[in-house]
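Chain identifiers are assigned alphabetically (A, B, ...) following the order of the sequence lines, protein sequences preceding nucleic acid strands; residue numbering begins at 1 within each chain.
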4 protein chains.
Amino acid sequence: MAAASSFYSIVAGVGAGTGRSVAIKFAQTYPVALLARNPANYESIVKEINAAGGKAIGISTDVSSQSSVTNAFAEIQKEFKGKKLAAAVYNVGGKFVRKPFLELSLEEYEAGYEANGKGFFLFAQATLPSLLSSVPDSPHPPSLIITGATASLRGGSNMSSFASGKFALRATGQSLAREFGPQGVHVAHAIIDGVIDIPRTKGWNANNGAPDGKISADAIADSYWYLHTQPRSHFTQELDVRPYVEKF
Amino acid sequence: MAAASSFYSIVAGVGAGTGRSVAIKFAQTYPVALLARNPANYESIVKEINAAGGKAIGISTDVSSQSSVTNAFAEIQKEFKGKKLAAAVYNVGGKFVRKPFLELSLEEYEAGYEANGKGFFLFAQATLPSLLSSVPDSPHPPSLIITGATASLRGGSNMSSFASGKFALRATGQSLAREFGPQGVHVAHAIIDGVIDIPRTKGWNANNGAPDGKISADAIADSYWYLHTQPRSHFTQELDVRPYVEKF
Amino acid sequence: MAAASSFYSIVAGVGAGTGRSVAIKFAQTYPVALLARNPANYESIVKEINAAGGKAIGISTDVSSQSSVTNAFAEIQKEFKGKKLAAAVYNVGGKFVRKPFLELSLEEYEAGYEANGKGFFLFAQATLPSLLSSVPDSPHPPSLIITGATASLRGGSNMSSFASGKFALRATGQSLAREFGPQGVHVAHAIIDGVIDIPRTKGWNANNGAPDGKISADAIADSYWYLHTQPRSHFTQELDVRPYVEKF
Amino acid sequence: MAAASSFYSIVAGVGAGTGRSVAIKFAQTYPVALLARNPANYESIVKEINAAGGKAIGISTDVSSQSSVTNAFAEIQKEFKGKKLAAAVYNVGGKFVRKPFLELSLEEYEAGYEANGKGFFLFAQATLPSLLSSVPDSPHPPSLIITGATASLRGGSNMSSFASGKFALRATGQSLAREFGPQGVHVAHAIIDGVIDIPRTKGWNANNGAPDGKISADAIADSYWYLHTQPRSHFTQELDVRPYVEKF
């Protein structure tokens with residue numbers, strides 16, 4: 001754990017799975033700010049990292065609210081004063097609504113975009129200026145890493161809410177990769193195609209209960225760290241991830 | 001022109017280009033309702049169709065407003081009482097914002113989604129019940145046809161607003177094709193990859209001024225009509241369209 | 001049927017399904033040369049077209065053999081002397097091998113490429129000079145239309161032979177579209193995603209026996225004719241096709 | 001360097017760039033067999049690895065010849081008797097032919113497929129049984145890693161030879177991932193989108209001479225090693241790679 005680095009990192013969308021693993025992974029090198037709407041989602045992780053000699057803070061944030069994001073970043077600036085941003089991870093899932101199209105309310109449909117379109121816009125606008133200013137001296141190219149899903153590539157039946165959000169997120173990520181890549185910021189998009197192995201999915205019968213049939217959140221964290229440490233001569237924009245037994 | 005059909009059609013997003021050509025094409029077989037925010041965009045087309053012996057009405061509609069869409073469809077129901085819906089075309093472009101990401105306001109970013117995500121949601125929810133009820137006796141499979149763009153497949157630099165909207169639109173279209181196709185409704189998505197040859201683009205130097213270097217709006221209308229008339233054993237979900245000289 | 005046109009067409013890969021329907025469709029406007037390895041595959045179609053007042057010839061051709069293709073085109077030149085080529089359709093399926101990878105012989109693996117890679121190369125080289133020379137006066141942009149499949153986009157398990165051939169075919173078709181499109185030749189690729197409704201598939205339980213659950217070969221022919229008649233300001237490079245009930 | 005491992009690796013297609021870097025990277029953990037048609041392509045690398053305390057052998061192999069591949073693998077079995085295969089990398093570029101379609105000879109067109117279709121088929125059939133038998137005890141999931149290119153996704157003008165081969169390679173790789181993934185073998189495909197920084201490309205003006213405007217071969221080797229070390233709960237099937245300044 002590295003409480004004393006002159007760089008820090010941010011993970012938005014922290015819970016028991018990917019966000020937690022990513023936070024712990026990046027905290028080995030950088031202090032980390034954890035954003036989640038519900039403090040219960042980050043409190044134990046913050047404690048865990050700080051207890052292990054790292055440095056973490058948690059900030060209750062609604063990423064789809066401009067004012068909430070503004071407040072969160074003001075607090076980050078204050079807490080990590082003098083440090084520069086090396087990596088920002090957008091791992092917000094949002095409310096997952098799966099139902100027949102004609103039963104969706106407008107609010108339910110928009111939930112996908114709120115979390116993955118609007119929320120990412122606000123997060124990216126808040127982090128990119130800092131990432132750009134870190135280009136000259138960051139140990140690795142400053143990185144903006146985005147969590148996608150199967151629904152980033154495919155609009156499945158009954159999935160219009162989630163898929164429209166994840167498609168919008170991917171579009172924006174591509175656009176940023178093309179604009180900010182040449183300026184030295186690494187924008188990468190990971191398509192997580194499968195069920196993640198977390199407490200909440202314990203009972204889920206993914207891949208007929210095959211051993212390792214759910215994705216290890218720690219392995220996702222390793223892949224995000226690998227993406228972050230790629231040199232600028234070799235940026236991956238997109239990779240997919242799934243358990244060996246997953247149909248695709 | 002066919003004022004007396006027992007089926008009608010709707011075109012949302014009518015102006016001097018694709019919308020006008022599509023309206024005139026479909027009006028040869030069905031009465032047609034034209035939706036646009038600004039009545040100036042449909043008034044002359046309505047006159048043109050009615051003068052030619054067809055039947056057209058125009059309704060000022062903001063497709064991204066629930067109440068405006070509700071009002072528009074109430075008026076359509078009244079005007080076309082007793083007729084059934086055979087085809088609905090979503091051709092809304094929305095405000096096209098192209099600028100560096102950090103110069104975008106939230107409102108500008110969301111303009112893409114407002115027109116292509118939210119607007120299409122409202123339009124699809126308003127038309128699908130009618131399209132479903134036409135399945136048994138529509139002369140061709142009831143159709144929901146969507147206008148996409150280059151930005152439906154690629155998030156270009158400075159294009160995050162438009163691309164996030166067009167990606168969301170494509171996601172939703174795919175989802176609806178998978179849900180409503182098996183029920184007999186044809187949901188198709190056309191990727192218009194090039195400049196359309198309309199008065200507004202007259203001065204644009206598309207493809208170095210090559211003859212036919214811009215897309216004929218009438219040809220787009222022909223393609224939408226072709227899509228509409230495909231039998232249910234042979235539905236095209238997606239096709240692309242570009243001038244012969246367009247780079248891709 | 002149009003025996004007297006000064007243009008002609010060619011369909012390679014003729015049998016009881018798509019090839020037959022395409023030949024009959026195009027024969028309504030142009031004399032047509034039908035190529036198949038086995039004369040039994042075209043003889044009845046040739047008779048049918050000629051009996052209906054059209055003009056058709058059949059030539060036994062192995063499209064993956066340079067000399068066989070050379071002979072076939074020499075015969076076509078002789079038979080259609082003075083006429084120009086308006087449309088060439090490549091509809092060769094080849095031997096379809098579906099088996100575990102480690103049980104494939106090299107010959108079986110290569111069968112996919114032989115039919116769809118090498119065969120198309122020979123066909124395209126034989127037809128493109130004629131298509132180019134028809135650009136100035138062909139009634140519609142001279143067209144090279146290619147039959148693809150689900151396996152053009154997805155390498156499924158046990159499908160390496162067929163998919164490698166169909167991927168190679170699609171790659172070559174894209175390359176030709178980009179090279180010859182700007183010269184006025186329309187190169188289009190259709191992804192046929194489903195079982196075609198032909199005598200051979202009569203007993204197949206496609207889509208649980210749903211009515212119209214197999215693709216109508218006549219509808220494919222209509223789509224190829226639609227592609228052929230697109231103006232050069234509006235070329236479709238790729239479209240997909242499937243029954244309304246097909247999962248995708 | 002790890003001469004004493006009970007596992008070994010194979011790299012086909014070794015030259016001054018990716019193949020060399022990958023061989024050196026994997027040789028840090030496993031003895032490595034290097035395959036290239038021309039011994040000059042591997043001799044210095046073999047020396048370099050052995051001098052550093054690793055273990056490498058080189059075998060002159062024509063991957064598109066069944067007998068040559070059979071001989072090469074017989075020699076590998078003999079040299080690495082008692083060891084098991086942990087990783088096989090297919091990095092064969094083949095003859096790169098870029099010219100107008102009508103100027104291509106059949107042999108030139110087929111060069112793409114010979115190297116990337118047929119050659120990979122032979123390599124995969126020779127390595128997969130060994131990889132499967134390593135599943136129970138390999139330190140990382142046994143891996144078959146494939147080098148793709150921009151032309152794996154796009155058939156550019158004048159690129160039909162190379163693109164048809166790379167498309168066929170990708171199709172086959174996908175098919176194998178779907179068949180052998182569930183059996184524990186990791187089949188991954190890397191899309192190398194840019195010029196690799198090797199002696200041969202020294203004078204190439206990639207990305208206007210921008211610093212790091214060519215891809216580091218060592219970084220590619222790191223990505224292949226990262227792919228190899230992914231756990232089976234988290235397999236990446238495809239990733240792309242390009243310099244930060246590369247247009248895409």
Query raised in the report: Among residues 216-224 of chain D, which ones touch chain A with a heavy-atom distance under 4.5 Å?
Result: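 Against chain A, the residues of residues 216-224 of chain D that fall inside the cut-off (heavy atoms, under 4.5 Å) are D/Ser216, D/Ala219, D/Ile220, D/Asp222, D/Ser223.
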Query raised in the report: Which one, A/Asp193, A/Ile215, A/Asp240, leads in non-hydrogen pairs under 4.5 Å with chain D?
Result: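 Looking at each of A/Asp193, A/Ile215, A/Asp240 in turn, A/Asp240 comes out on top.
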Requested in this report: First locate atom CD1 of A/Ile196, then atom OG of D/Ser233, and finally report the distance between them rounded to the nearest 0.5 Å.
Outcome: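 Interatomic distance, A/Ile196 CD1 to D/Ser233 OG, rounded to 0.5 Å: 10.5 Å.
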Query raised in the report: Hey, what do you get for CD (A/Glu238) to CD1 (D/Ile191), rounding to the nearest 0.5 Å?
Result: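 Here the interatomic distance stands at 9.5 Å.
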Requested in this report: With a 4.5 angstrom heavy-atom cut-off, could you sort out which part of A/Pro211 is near chain D: side chain, backbone, both or neither?
Outcome: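 Contact with chain D is through both the backbone and side chain of A/Pro211.
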Query - Which portion of A/Tyr226 sits near chain D, non-hydrogen atoms under 4.5 angstrom - result: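 The side chain, not the backbone.
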Query raised in the report: Any cation-pi pair here, D/Arg178 with A/Phe248, using under 6.0 Å and within 45°?
Result: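 Ring-cation test returns yes.
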Query raised in the report: What's the shortest heavy-atom distance between A/Leu239 and D/Thr236, and which atoms?
Result: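 Heavy atoms only, the tightest pair is CB-CG2, 4.1 Å.
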Query raised in the report: For the residue pair A/Asp212 and D/Arg232, what are the closest heavy atoms and their distance?
Result: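 Looking at all heavy atoms of both residues, the shortest contact is OD2-NE, 2.7 Å.
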